Amino acid sequence: RRTINVALVGNPNCGKTSLFNFASGAHERVGNYSGVTVDAKTGHASFEGYDFNIVDLPGTYSLSAYSPEELYVRKEIIEHTPDVVINVIDASNIERNLYLTTQLIDMHLRMVCALNMFDETEKRGDNVDYAKLGELFGVPMIPTTFTTGRGVELLFHIIINMYEGLDFLDDKGNLDPEVAEGIRQWHEQYRKSEKEDAEHEEDFASGVKPKHNVFRHIHINHGPYVEEGIEAIQAVLKQENDLRHRYSTRYLAIKLLEKDKETEHLIVSSTSRAEEIFSVRDKAVADVQNYTHEDCETVIMDAKYGFIHGALQEAGYQTGNKKDTYQ
Ligand code: GDP
Ligand code: MG
Ligand code: K
């Protein structure tokens with residue numbers, strides 16, 4: 001039997017522990033509370049002949065490392081590299097929740113999104129083409145209600161198939177050959193990327209994409225100045241083989257542009273090129289500031305919200321007007 005390591009990541013109160021309890025049979029406390037310690041609970045589940053180790057991580061709104069929770073989640077993802085990340089999203093507050101998703105995308109993970117609280121959005125009369133949204137984010141988006149277990153089987157089915165790169169069921173439970181091919185190719189790209197990161201990233205940069213690749217790893221475009229900076233920093237990072245094989249150089253470059261202290265420490269402790277990397281970074285930061293009259297962090301954040309806004313619009317997102325049914 002194969003064991004798949006899964007991590008639950010999402011904003012506070014989006015339903016992570018409810019999924020954890022439902023899938024693993026645990027009885028962890030759900031609801032509005034904040035613990036004094038930052039830690040993760042581990043549980044086990046079985047689906048379709050596979051075993052799962054499930055880690056319920058603390059809730060975070062972002063991965064900017066402003067809080068112990070954010071640092072903890074980042075470390076857990078980077079150091080323990082789960083096979084698949086389940087990004088739980090409170091679909092009744094989708095725009096804000098997708099911000100974390102855009103940061104997870106930078107980390108280049110195998111990921112699936114649970115559009116949880118789907119019952120609430122239905123009560124309110126929200127509308128969204130979640131298949132389209134998934135396509136735009138390059139991540140399968142599955143409507144779920146973890147209080148009743150709706151969508152959980154499909155979610156795990158998709159995780160298994162992502163892990164194995166095999167077939168795929170659509171939301172009606174039928175095998176959609178085009179989506180199956182998309183998943184398979186996406187998976188191949190991912191496997192390839194683990195071995196040949198640099199080559200892989202160049203593939204994406206030059207726009208080479210498989211024909212039916214519905215779930216491809218996307219790059220969120222942060223605008224010409226930030227992207228130029230990312231490219232310049234990546235060029236130096238890629239000369240460090242250890243770093244390149246352990247981390248997504250794009251993610252590290254973005255974090256360096258945000259002047260992220262943890263990432264700076266990582267660079268200092270793991271390369272002999274720290275000085276060169278910081279000087280390229282400092283120049284990029286200054287260029288962004290000069291051209292946009294904003295600091296890098298703001299430009300990056302605005303670009304991510306711009307991407308979310310555009311994707312929601314393209315997926316026909318509309319909030320229902322039956323607001324009284326939602327507490
Ligand atoms: P966490 O902070 O992400 O671990 O979220 P919890 O699992 O503790 O859930 C927060 C609250 O939302 C709890 O009161 C849950 O019962 C409730 N909840 C979780 N999932 C759903 C869902 O899909 N629909 C509805 N209506 N409530 C949910
Ligand atoms: Mg919880
Ligand atoms: K990598």
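Order of appearance sets the numbers: ligands from 1, and atoms from 1 within every ligand. All figures in this text were calculated on a predicted structure; none of them were measured in a lab.
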Exam field: side chain Glu240 to backbone Thr271, donor-acceptor pair closer than 3.5 Å: no

Interfacing atoms of ligand 1 (cut-off 4.0 Å, heavy-atom, Ser18): 6 (P), 7 (O), 9 (O), 15 (C), 19 (C)

Heavy atoms from other residues, nucleotides or ligands near CD of Glu294 exceed 12 (cutoff 6.0 Å): yes

Sole residue of Val85, Thr42, Asn5, Ile86 in side chain to side chain contact (heavy atoms under 4.5 Å, CB included) with Val55: Thr42

Residues forming a side chain to side chain donor-acceptor pair (under 3.5 Å) with Thr263, sequence neighbours excluded: Asp260

Heavy atoms from other residues, nucleotides or ligands near CG of Asp242 exceed 12 (cutoff 6.0 Å): no

Asp119 contact mode with ligand 1 (heavy-atom cut-off under 4.0 Å): side chain

Short N or O distance, Thr145 and ligand 1, threshold 3.5 Å exclusive: no

Per-atom contacts, ligand 1 versus Lys16 - under 4.0 Å to a heavy atom: 1 (P), 2 (O), 3 (O), 4 (O), 5 (O), 7 (O)

Short N or O distance, Phe146 and ligand 1, threshold 3.5 Å exclusive: yes

Test item, Cys14 contacting ligand 1 (heavy atom, 4.0 angstrom): yes

Heteroatom test (N, O or S) for Thr17 near the Mg ion (ligand 2), limit 2.8 Å: yes

Asn127 side, atom CG; Gln318 side, atom CD - distance, nearest 0.5 Å: 6.5 Å

Proximal atoms of ligand 1 relative to Glu120 (non-hydrogen, under 4.0 Å): 26 (N)

Just distance, no hydrogens or angles: give the donor-acceptor pairs under 3.5 Å from side chains in residues 302-317, sequence neighbours left out.
unit_1 : atom_1 : unit_2 : atom_2 : d
Lys304 : NZ     : Asp106 : OD2    : 2.6
Lys304 : NZ     : His222 : NE2    : 2.8

Sub-3.5 Å N/O-N/O distance, Met117 and ligand 1: yes

